[in-house]
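These notes concern the structure reproduced below.
No hydrogens, no waters, no symmetry mates; every other heavy atom, side chains included, goes into these values.
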Amino acid sequence: MPPSGSIHPLPSRVCGPLCGLCGFSVAMLSGLWSSGDASSVLLRAIVSCLGCYGLGLAVGYVVELVALRVVERERVLRGVAEPGPDSAKQKTSS
């Protein structure tokens, strides 16, 4: 497979909305199963959706950074790409 200039190994922009929807659905289902008041169940589900959305964005960003660094390191080790300016500054343990 030829190397491409733009590598996006993970759809990190999808992590936030998916986590938000999962948080919303779990909060809705658990609130409805416990026979809670509709307004309090909906309010808690919206708060859960927003909280899970923020956590999903953070997790997606971190995972994308790690994946891109691993891909870049593997490309440099295999001789496909030139080492960047950051890799020259890093010291390896011996």
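- For the atom pair CG of Leu55 and SG of Cys19, the computed distance is 7.5 Å after rounding to the nearest 0.5 Å.
- To the nearest 0.5 Å, atoms CG (Leu18) and SG (Cys52) are separated by 11.5 Å.
- Smallest separation of non-hydrogen atoms from Phe24 and Ser48: N-OG, 4.3 Å.
- Between Leu32 and Val41, the shortest heavy-atom distance links the atoms N-CG1, 4.3 Å.
- Transitive grouping of hydrophobic side chains (ILVMFWY, heavy atoms separated by less than 4.5 Å) brings Ile46 and Met28 into a common cluster.
- Contact between Ala27 and Ala45 at its shortest, heavy atoms only, is CB-CA, 3.6 Å.
- Of all heavy-atom pairs between Ser25 and Cys22, the closest is OG-O, 3.0 Å.
- In this structure, the separation between CG on Leu57 and CZ on Arg13 is 11.5 Å, given to the nearest 0.5 Å.
- Residues Val59 and Val14 do not share a hydrophobic cluster, defined by chaining ILVMFWY side chains whose heavy atoms lie under 4.5 Å apart.
- Residues Arg73 and Arg69 form no side-chain contact, since every pair of their non-hydrogen atoms from C-beta on lies 4.5 Å or further apart.
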Step-by-step side-chain contact (heavy atoms from CB on, under 4.5 Å) determination, Tyr61 to Val66: CA-CA 9 Å; Tyr61 178 73; Val66 169; over 6 Å; no
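- How far OG of Ser34 is from CG of Leu29: 10.5 Å, rounded to the nearest 0.5 Å.
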